[in-house]
Number of protein chains: 2
Amino acid sequence: MTEAQPLYAKVKDHILAQIRNGVWEPGARVPSENQLVESFSVSRMTANRALRELTAEGFLSRVPGVGTFVKETPARSSLMELRNIAEEIAQRGHRYSARIMARGEIEANPALAEEFEAKLSDRLFHIVIVHEENGVPVQLEDRYVSAAVVPDFMAQDFSSMTPTAYLLACAPVDELEHTVEASLPTHDQQRLLGIGALEPCLVLRRRSWSRGAVVTAVTLTYPASRYALYSRYRTSERGTLSQ
Amino acid sequence: MTEAQPLYAKVKDHILAQIRNGVWEPGARVPSENQLVESFSVSRMTANRALRELTAEGFLSRVPGVGTFVKETPARSSLMELRNIAEEIAQRGHRYSARIMARGEIEANPALAEEFEAKLSDRLFHIVIVHEENGVPVQLEDRYVSAAVVPDFMAQDFSSMTPTAYLLACAPVDELEHTVEASLPTHDQQRLLGIGALEPCLVLRRRSWSRGAVVTAVTLTYPASRYALYSRYRTSERGTLSQ
DNA sequence: GAAAGTATACTGTATATACAACCTTATACA
DNA sequence: TGTATAAGGTTGTATATACAGTATACTTTC
């Protein structure tokens, strides 16, 4: 967990933490490169790299001759909010249930290592859950979790709290990646979801990052006839839409 | 227009150009830092910055002790942004083309009237376009547009400017609704997209509002094998990092 | 008092140098 | 033949140094 971290990453983390904890509000001035040189005992190039990367990542804005400032970040709603499927079903007045079909701890294979931006020897938790609405399977969750980031993951009781909810409570998400595609179900998926071979499925893949590390990678499979993804939101004043 | 460009930017541009022009295919090896030092007469730190930034931007992948390689970039579309499919395809260095399969003006039927929150007598434009990447259909666009909001819609030449781009220029979007589902293609869709009956499709439905009125309702159908929806963003950041 | 000049602080870029970690390949040895 | 070992190339990080460009505050000059 406590890996040897490069110096520039330590500086980045410190600044990000101040922003996340609200110590430095949007618009606030961030220490100059020379001040960071003093307080962290690093070279100016190292401080510069930390500030430059945070700027490229959208957290800061810099003005030559003036200083560095926390960027204004209006809230954005997204198509893919991290919604809790249990709550969602309950909200519709239906009965939620879950069946855990598999759980274990494995070593990362090459594909998983790349997905987690980690090494081959790293350990991952794996869990397969079928989520049901009124007893009918509506979502197949196939999830890998970094054991380094969330060591206590397996101790949880996922019939009472969904993995999504638990992970959100453990590690603040600061980056999300989604891929949505359509596919016909495999034999396993047909069996677990109780659907036919010709029923198309939505497949949503999500990776989430916390403090620069991949926390979890999950594949959610929805039978098309029982589920659709939906979102509706207002765009902010300045507009989140690019052409 | 030829601005004074930093050296690291010149190196970046050169590498990007080779990738965009297809000189360096995905997976191909990129010159090492020391080779760039030689050919560009820069210091290794400058070459390193160029390669590091291109890696952060998703164009390259680097392996310590081995080398730097052009990253594979699968066909993906951003979920959150209203992006122009023509630009998206061009950005991948591929050829974009479009075929208009139908266009006309109709009166709203009950279903459409409800969708547009309008009256039955209201007039709507209808257009069906097949978007192609390197001559292969990748998206079927079935769009209705409010004639009241965008009276000049039909006067446009949609082989040179996509409807999305035109509508964005006409009416600022202040609300968006998305639905994503999976389905098997209808006969018409099979014919228009040139796919088989067993190829599942992603179906994205979008409604957009401007000044309280529905501007357009569109159904986009993507063959699963040729396209996936993609988004990646930082939760505290404004712009989507689509790459 | 206003304009011009000056000092200072800050960011942006570029270089030379150094060392660590990693991977591949060739070589020496058992 | 198989196994260590060494060598060389590659990326990753860190430092010290230098100079350019920009904005602000202060001082001088008219």
Side-chain angles (χ1 to χ4, degrees), chain A residues 2-16 18-19 24 27-71 108 110 113-114 116-122 148 211-213, chain B residues 2-16 19 24 27-71:
Chain A
T2 44
E3 297 174 23
Q5 214 180 8
L7 291 178
Y8 78 89
K10 286 184 185 171
V11 179
K12 282 180 72 175
D13 279 0
H14 173 259
I15 295 170
L16 256 187
Q18 304 299 311
I19 296 175
W24 297 342
R29 188 189 203 93
V30 164
S32 75
E33 295 183 356
N34 282 321
Q35 287 171 326
L36 291 173
V37 167
E38 287 271 320
S39 53
F40 282 88
S41 300
V42 296
S43 73
R44 209 200 109 198
M45 285 304 295
T46 300
N48 175 274
R49 177 169 178 182
L51 293 176
R52 178 155 40 84
E53 290 192 358
L54 285 173
T55 304
E57 291 161 15
F59 294 104
L60 303 177
S61 79
R62 317 193 74 188
V63 183
V66 181
T68 306
F69 306 90
V70 179
K71 208 170 182 180
E114 188 181 337
F116 275 82
E117 299 169 346
K119 283 174 294 218
L120 276 175
S121 55
D122 284 8
R211 288 182 278 268
Chain B
T2 42
E3 301 175 19
Q5 215 180 6
L7 290 178
Y8 78 91
K10 286 184 184 170
V11 179
K12 283 179 71 175
D13 281 358
H14 173 259
I15 295 170
L16 255 187
I19 296 175
W24 296 343
R29 188 188 202 93
V30 164
S32 75
E33 296 184 355
N34 282 321
Q35 287 171 327
L36 292 173
V37 167
E38 286 269 322
S39 53
F40 282 88
S41 302
V42 296
S43 72
R44 210 201 106 199
M45 285 304 295
T46 300
N48 175 274
R49 176 169 179 182
L51 293 176
R52 180 154 39 83
E53 291 192 359
L54 284 173
T55 304
E57 291 161 16
F59 294 104
L60 304 177
S61 80
R62 316 193 74 187
V63 183
V66 181
T68 306
F69 306 90
V70 179
K71 207 169 185 180

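Every chain is numbered from 1 and lettered A, B, ... according to where its sequence line falls, protein lines coming before strand lines.
Regarding contacts with the backbone of D:dT13, a side-chain N or O of A:Tyr8 is found under 4.0 angstrom from either OP1 or OP2. For D:dT13, neither phosphate oxygen OP1 nor OP2 lies less than 4.0 angstrom from any side-chain nitrogen or oxygen of A:Thr46. Contact check, A:Thr68 against C:dC10: no side-chain N or O comes under 4.0 Å of OP1 or OP2. Between B:Arg49 and C:dA14 there is no side-chain N or O to OP1 or OP2 distance below 4.0 Å. An OP1 or OP2 oxygen of D:dG12 is reached within less than 4.0 angstrom by no side-chain nitrogen or oxygen of B:Arg52.
Residue contacts for B:Ser41: at a heavy-atom cut-off of 4.0 Å it reaches the sugar-phosphate backbone alone, with no base atom in range.
Here the closest non-hydrogen pair linking A:Arg29 and A:Phe69 is CA-CD2, 3.8 Å. In plain terms, the two heavy atoms of B:Val42 and B:Val37 that are nearest each other are O-CG1, 3.1 Å.
Rounded to whole angstrom, the span from the CZ atom of B:Arg29 across to the P atom of C:dT24 amounts to 10 Å. Atom CG in A:Leu54 sits about 13 Å away from atom P in C:dG12, given to the nearest Å. In this entry the distance linking CE of B:Met45 with P of D:dT10 reads 18 Å, nearest Å. Across the protein-nucleic acid pair, B:Glu33 atom CD and C:dC23 atom P stand 17 Å apart, rounded to whole Å.
Closest approach to the A:Pro64 side chain among D:dT22, C:dT15, D:dT13 is made by D:dT22 (side chain taken as heavy atoms from C-beta onward).
B:Glu33 pairs with exactly one of B:Met45, B:Arg62, B:Arg52 by the side chain to side chain contact (heavy atoms under 4.5 Å, CB included) rule, that one being B:Arg62.
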